[in-house]
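Data block below; observations after.
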Protein chains: 2
Amino acid sequence: MKNNEDINSQPELLSIIDGTKSYIYEQLWNICAGPLCDLPKPGEKVYYFPQGHIELVETSTREVLLDEMRPNINLPSKLPCPVISIQLKMEKNTDEVYAQISLMPDTTEVVIPITNDGNRKPMVCSFTKALTASDTSTHGVLSLPKKHALECLPPLDMSQPVPTQELVVKDLHDNQWTFKHTFRGTPRRHLFTTGWTAFVTSKKLAAGDNFIILKGENGELLVGIRRAKYEIDHIPSSVISAQCMLHGVIASVVNAFNTNCMFIVVYKPRASQFVVRYDKFVDALKNKFNFGSRFKMRCEGEDFSEKRYSGIVIGVKDFSPHWKNLEWRSLQVQWDEVSPQKPSS
Amino acid sequence: MKNNEDINSQPELLSIIDGTKSYIYEQLWNICAGPLCDLPKPGEKVYYFPQGHIELVETSTREVLLDEMRPNINLPSKLPCPVISIQLKMEKNTDEVYAQISLMPDTTEVVIPITNDGNRKPMVCSFTKALTASDTSTHGVLSLPKKHALECLPPLDMSQPVPTQELVVKDLHDNQWTFKHTFRGTPRRHLFTTGWTAFVTSKKLAAGDNFIILKGENGELLVGIRRAKYEIDHIPSSVISAQCMLHGVIASVVNAFNTNCMFIVVYKPRASQFVVRYDKFVDALKNKFNFGSRFKMRCEGEDFSEKRYSGIVIGVKDFSPHWKNLEWRSLQVQWDEVSPQKPSS
DNA sequence: TTGTCTCCCGTGGGGAGACAA
DNA sequence: TTGTCTCCCCACGGGAGACAA
């Protein structure tokens with residue numbers, strides 16, 4: 001069954017804010033975001049790094065803009081900002097989760113109440129499966145781990161010779177998907193058959209990508225994905241030029257600080273680290289990474305195991321000529337074993 | 001043959017500026033743009049309407065931003081600008097043609113030489129076919145009008161019982177496509193068979209869309225499309241917020257005028273009319289459209305015949321509260337026959 | 001327990017002429 | 001001249017158990 005026809009008629013982005021669904025949708029968003037996502041909460045204070053923001057725009061437009069812009073940048077290297085509000089969203093075409101964060105220039109007058117979300121925690125049950133080559137082949141059958149199928153899926157009528165049921169699930173776009181859930185083969189195992197290929201095709205899933213199922217307390221099923229390899233999405237400059245986009249980032253922030261009004265930034269769990277929680281930042285600063293320091297970092301492994309790499313700091317250099325000696329600096333690390341990666345404190 | 005695998009690895013946008021290919025590629029761009037496209041030339045002076053630019057961004061982001069921004073807009077309603085340079089481009093996913101125009105704030109000191117392109121005009125031969133239901137059906141055969149096939153395609157070996165040849169063509173992205181060209185059926189006719197469906201699928205063509213073939217003087221074949229129904233592409237706000245985009249448009253222009261440097265705008269032949277050739281604008285102003293005036297306009301018909309509509313002006317109102325009584329104003333027209341549309345002078 | 005293979009069958013897509021507007 | 005239909009055939013995709021890691 002092809003459920004993907006009306007994807008284009010959906011509102012482009014889903015704001016997960018409506019009452020009843022809010023909590024379970026938020027849970028799904030977090031699982032899709034992955035274990036390394038460190039989203040701030042409304043009311044919390046963060047540091048906003050304009051440079052990081054600009055770099056993301058550069059990368060997204062495949063243009064190097066910072067140097068051209070040099071004379072016009074007149075921003076501090078980091079700006080302390082309370083978080084006004086957060087909208088959890090998901091990119092329409094790729095299902096990449098991101099958040100739109102409204103930030104306020106830091107003024108002691110404005111007090112944003114920290115949202116109290118400790119009271120409402122319905123039970124949710126979920127599982128994540130890394131798709132195998134067979135799962136994503138043209139044969140179109142998803143093999144479900146027995147434990148997860150029993151825990152999260154409605155029970156099958158095992159008195160039947162071939163127990164079968166139809167499961168209707170929703171993704172974060174509120175699109176509906178139908179999977180035929182059967183228990184067959186020798187030995188018997190839980191499978192998604194009809195409907196699975198359509199899902200794989202529509203979401204462009206490949207072996208290694210993660211399939212997520214989440215059951216709400218009322219039994220409703222939600223599905224999500226997390227891709228194995230993260231690809232930054234390159235936005236076309238066919239509406240506004242890359243030049244405009246960079247101007248926009250800077251102008252929005254400058255305007256916000258001049259008129260003391262909020263500005264909006266996009267937080268991508270797997271890309272943008274230019275919005276950092278205040279206490280995380282303070283913690284990081286305590287570790288003065290200097291030459292010869294041992295260095296450890298968590299990193300998304302290819303299979304989403306939270307790999308930890310460690311190495312020795314062999315250099316400290318300024319990241320950009322625009323902001324000298326700022327705390328967001330590049331460390332050159334000699335890794336103990338594996339692939340180098342550019343970390344920021 | 002699936003030629004569309006490497007589309008994503010192409011540079012996102014093609015700049016048609018390289019020497020030998022330049023002229024024929026430019027021709028194809030123009031045919032794809034349609035007969036109503038009125039692109040200025042480098043060196044020519046145009047009027048730039050910030051409001052029109054902002055409206056396009058609004059539409060593209062599906063947000064109404066102008067009202068929120070009111071205090072910050074401090075721009076003239078129209079700005080005279082010489083055109084510094086033009087890059088003809090095509091959107092990667094939709095094949096929509098557009099141009100990136102570099103504009104300079106109008107200063108009498110700078111004289112931009114008008115490019116002389118009258119000397120190099122190689123013969124090109126082209127045809128455009130509106131696709132029928134059969135052309136785009138799963139049967140995957142394009143029926144070629146005999147006259148056009150004879151004029152533009154390499155001659156078939158008619159001594160064969162079923163004359164057949166393979167044609168390798170390129171689109172503006174420089175992607176290669178292969179079509180099997182045969183002459184069969186009773187009565188005999190020219191057809192594209194193998195390879196045609198892949199093209200239709202990849203370009204997401206539907207009945208009514210136009211298929212364009214153009215033959216360069218050296219015999220190379222180029223292909224292009226023009227869609228029947230124009231759809232504005234909605235850019236995702238998953239990289240920068242809509243707020244940033246609007247700020248960017250305004251900031252780019254303000255910055256250009258403050259520092260006397262160029263700024264870049266995107267010209268979409270079928271969407272943006274906020275860059276208007278100077279003399280076209282002057283011509284238009286001569287017609288003072290007032291109450292009761294007869295009004296005529298050219299309009300893209302569904303089949304791309306340049307339909308002309310006419311009617312009576314029944315109202316003149318300011319288009320935006322930001323700019324009073326400007327020349328870019330909305331006319332309310334009572335049409336003689338058909339569908340109303342909102343024109344601007 | 002679950003990943004991959006192979007077998008089997010039915011659907012549907014591509015390629016051909018028929019026919020008519 | 002060319003748009004649409006129908007026919008035919010083969011390839012491929014889905015659904016099933018076999019088998020082994």
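Excluded from the calculations below are hydrogen atoms, water molecules and symmetry mates; all remaining heavy atoms, backbone and side chain alike, are included. Labels below follow one simple rule: chain letters A, B, ... track the order of the sequence lines, proteins then strands, and each chain is numbered from 1. As the structure is a prediction and not an experimental result, all values here were calculated from the model.
- Taking only side-chain atoms of A:Thr194, from C-beta outward, the nucleotide of C:dG17, D:dG17, D:dG14 with the closest atom is D:dG14.
- For A:Tyr267 and A:Tyr98, the ring centers sit 6.0 Å or farther from each other.
- At whole-Å resolution of the value, NE2 in B:His190 and P in D:dT1 are 9 Å apart.
- Comparing D:dG13, C:dG3, D:dG17 against the side chain of A:Thr138 picks out D:dG13 as the nearest.
- Nucleic acid contact class of A:Thr186 (heavy atoms, under 4.0 Å, all strands): base.
- Salt-bridge annotation for B:Lys129 and B:Asp135: present, with a side-chain N of the basic residue lying under 4.0 Å from a carboxylate O of the acidic one.
- Side chain of B:Lys146, nearest nucleotide from D:dG14, C:dG15, D:dT2: D:dT2.
- Between B:Pro187 and A:Arg188, the residue whose closest nucleotide on DNA chain D is further toward the 5' end is B:Pro187.
- Inspection of the A:Tyr25 and A:Asp174 side chains reveals an N or O donor paired with an N or O acceptor under 3.5 Å.
- In this model, the phosphate group of C:dG17 is approached by a side-chain N or O of B:Arg184 to a distance below 4.0 Å at OP1 or OP2.
- We find that CG of A:Asp135 is positioned 8 Å from C1' of C:dG3, with the value rounded to whole Å.
- Closest heavy-atom contact between B:Asp157 and B:Pro163: O-CB, 3.5 Å.
- When Watson-Crick and G-U wobble pairs are counted only if both distances are under 3.5 Å, C:dA21 pairs with D:dT1.
- Here B:Ser137 lies out of heavy-atom contact (under 4.0 Å) with every strand.
- Between B:Phe192 and B:Phe199, a ring centre-to-centre spacing not shorter than 6.0 Å is recorded.
- Nucleotide D:dC7 has C:dG15 as its partner under the Watson-Crick or G-U criteria, with both atom distances under 3.5 Å.
- Contacts of B:Ser134 with the nucleic acid, taken as non-hydrogen atoms under 4.0 Å apart, include base atoms.
- The separation between A:His148 atom NE2 and C:dT1 atom P is 13 Å, rounded to whole Å.
- Distance CG (A:Leu150) to P (C:dT1): 9 Å, rounded to an integer number of Å.
- Protein atom CZ of B:Phe199 is 20 Å distant from nucleotide atom P of C:dG13, rounded to whole Å.
- Salt bridge present: B:Asp95 and B:Lys203 bring a charged side-chain N and a carboxylate O closer than 4.0 Å.
- Among the heavy atoms of the strands lying under 4.0 Å from A:Lys129 are primed sugar atoms or P, OP1, OP2 only; no base atom is included.
- Side-chain to base pairing of B:Arg189 with D:dG3: one donor and one acceptor N or O lie within less than 3.5 Å of each other.
- Side-chain proximity of A:Ser143 to D:dG3, C:dG17, C:dG3: nearest is C:dG3.
- For B:Trp196 and C:dG13, the CH2 to P distance is 17 Å, given to the nearest whole Å.
- Residue B:Phe192 contributes atom CZ, which lies 17 Å from atom C1' of C:dG14 at whole-angstrom precision.
- Computed from coordinates, the B:Phe179 CZ to C:dG15 C1' distance equals 17 Å when rounded to whole Å.
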